[in-house]
Protein chains: 2
Amino acid sequence: MLTTIPITEMSPRCSTCSLGQLCLPVGMSQQDLEKMDTLVQDRVRVRKGETLYRLGDPLTAVYAIRFGTLKTHLTMEDGRSQITGFHLPGEVVGLDGLGEMQHASDATALEDTEVCMVRFGDLQTLSNVLPSLQHQFMRLMSKEISQDQVMLITLGSMRAEERLAAFLINLSERLSARGYSASEFVLRMSREEIGSYLGLKLETVSRLFSRFAEAGLIQIRQRHVKLVDMAGIKQIVNKSC
Amino acid sequence: MLTTIPITEMSPRCSTCSLGQLCLPVGMSQQDLEKMDTLVQDRVRVRKGETLYRLGDPLTAVYAIRFGTLKTHLTMEDGRSQITGFHLPGEVVGLDGLGEMQHASDATALEDTEVCMVRFGDLQTLSNVLPSLQHQFMRLMSKEISQDQVMLITLGSMRAEERLAAFLINLSERLSARGYSASEFVLRMSREEIGSYLGLKLETVSRLFSRFAEAGLIQIRQRHVKLVDMAGIKQIVNKSC
DNA sequence: CGAGCCTTTGAGTTTCCTCAACCTGAGTGG
DNA sequence: CCACTCAGGTTGAGGAAACTCAAAGGCTCG
């Protein structure tokens, strides 16, 4: 199902990738960057709805997103499931499985997506000659912990409208960092997926979008959103309840 | 305020520490274990209510708990605060700050606590000659990510009574792994702190404890809890809502 | 152009929160 | 040693937020 695309002489490499400043190579010297070029030997194409890895799969690699969007999600024994993250180009997924060398969640494409496969073995080998890579990996994992903890506060202490406002701001900032518009974008996920991520029901999400639109904070038509009054949206998040 | 206790010849070391099978040395050979003994040069005593580190403090070390209990908590700009974790002996705190080399949360003692200070510089040096240490660190960080993600499901999709039941089971298992009774223990945290961790108000936590007790699932008197009907408690968590 | 999914909106219900009063136990000082 | 204080905990009543169930409309994709 998944299409693997071998890297050829002509393929773009880490050293020339436009996502460099968001992805693994952050802060590396040109010299280190060139060593990185051997790290990614394959790319994987994941079509919309397909799964890159599943909970419990043996972990052979982690994946840096080249383009597209992934969701990571977790299903409990009793069938309840929750989305734990939406991932944009330049982000690395699979880090949660490094401990047990088994993936600790599922990763599914929300649109046609391509990822760079970073084999764990190669990663270890290269880390030995490239200490900055090791440090960079630690940074990524630590950042993921911090982000999850911010999400814990979001779920634990924010009301529904604050959560949704925080979600829009977060998405806006991340898209903006990737060169897209901060104020106008397409949601790659359904209302139900947003709800799952935010601990809300899809109807609640839909109602809130309508309410935000009515209040003149956003314009929304299907999955196309325009943030009209950014200050107003930020105010929703900050007004402590 | 914090008392630092230098390690002497007579102090217990990693190679002889009874927490070895829960802490950094998990799965290390005797040979590797002895190299570990140089890693911890100081211990720190944190009295009840004192803070080991705060959000934004420069990170010089991470800390393995020797005895006692810590909470890690995060306060947002608007003053809202949430507990992101309770930490028992053998657990390592401070990992969330490794990315930015600044602590990403506050860590406060719930009772008199002693931690082993693992200086980051020493850690890096030793990692070079002790690859299993590096791997172990990755395991710890990755485990923390997975745990946070389980907590995200807890906050995002469980009802109040399920959250509290899950909390009791989790605590019971962790205490049991440390040689304490799985069925009878003392809560080191207040109702308010439990509520903060679980995204509930203290009154809700108190009511639920009373209801659990009334249903014969637990006995509770102040902070002393006895899990009477473990199967019943587990059933509460699993009955999907 | 039809099927199926996604989304919106309404009505009624449940859950948990808020506010408030009161209780309990540990520590303190007269 | 006892009364007092104060933080932590319990319990009740009422209300707000979000959920459930339901119905209908709109898009997308084959």
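A, B, ... follow the sequence lines: proteins, then strands. Residue 1 opens every chain. Any value given below was found using the heavy atoms of this structure, including those in side chains, with hydrogens, waters and symmetry copies removed.
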Expressed as a whole number of angstroms, how long is the span from [X]:[atom1] to [N]:[atom2]?
| X | N | atom1 | atom2 | result |
| --- | --- | --- | --- | --- |
| B:Leu208 | C:dC16 | CG | P | 7 Å |
| B:Ile194 | D:dG8 | CD1 | C1' | 12 Å |
| A:Leu164 | D:dA17 | CG | P | 16 Å |
| B:Glu162 | C:dT14 | CD | P | 17 Å |
| A:Arg211 | D:dA17 | CZ | C1' | 9 Å |
| B:Lys201 | D:dG9 | NZ | P | 16 Å |
| A:Leu200 | D:dA16 | CG | P | 20 Å |

- Message: Check this for me: does any side-chain nitrogen of one of B:Arg178 and B:Glu91 sit under 4.0 Å from a carboxylate oxygen of the other?
- Response: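 The answer is yes: the pair qualifies as a salt bridge.
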- Query: Do NZ/NE/NH1/NH2 and the carboxylate oxygens of B:Lys48 and B:Asp112 come within less than 4.0 Å?
  - Reply: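 No, this pair does not count.
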- Describe the nucleic acid contact of A:Arg221 in one word from base, sugar-phosphate, nothing, applying a heavy-atom distance below 4.0 Å. sugar-phosphate
- Query: Hey, does A:Gly195 reach any base, or is it just sugar-phosphate, or nothing, if we go heavy atoms under 4.0 Å?
  - Reply: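 Answer is nothing: A:Gly195 stays at 4.0 Å or more from every strand.
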- With B for base contact, S for sugar-phosphate-only contact and - for none (protein heavy atoms under 4.0 Å), nucleotides 4-10 of chain C reads --SSBBB
- Message: If we check side-chain hydrogen bond (donor to acceptor under 3.5 Å, both in side chains) with A:Thr108, which of these qualifies: A:Arg54, A:His73, A:Lys71?
- Response: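 Result for side-chain hydrogen bond (donor to acceptor under 3.5 Å, both in side chains) with A:Thr108: A:His73.
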- Above 12 or not: heavy atoms from other molecules or residues under 6.0 Å from CD of B:Glu184? yes
- Message: Taking the side chain as everything from C-beta on, heavy atoms only, tell me whether B:Ile233 gets closer than 4.5 Å to B:Phe212.
- Response: no
- Query: Does the B:Arg188 side chain pair with the main chain of B:Glu111, one donor and one acceptor, at a distance under 3.5 Å?
  - Reply: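 No, the answer is negative, given that no donor and acceptor are paired below the 3.5 Å cut-off.
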- Query: Can the ring centres of A:Phe86 and A:Tyr197 be said to be less than 6.0 Å apart?
  - Reply: yes
- Item | Estimated bend of the helix from C:dC1-D:dG30 to C:dG30-D:dC1 (axis per five terminal pairs, rounded to 10 degrees) | 40°
- Query: Between OG of B:Ser142 and CD of B:Gln147, what distance do you get to the nearest 0.5 Å?
  - Reply: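 Going from OG on B:Ser142 over to CD on B:Gln147, the span is 9.5 Å.
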- Message: So, using salt bridge (Lys or Arg N to Asp or Glu O under 4.0 Å) as the criterion, who are the partners of B:Arg66 when residues are at least two apart?
- Response: B:Glu114
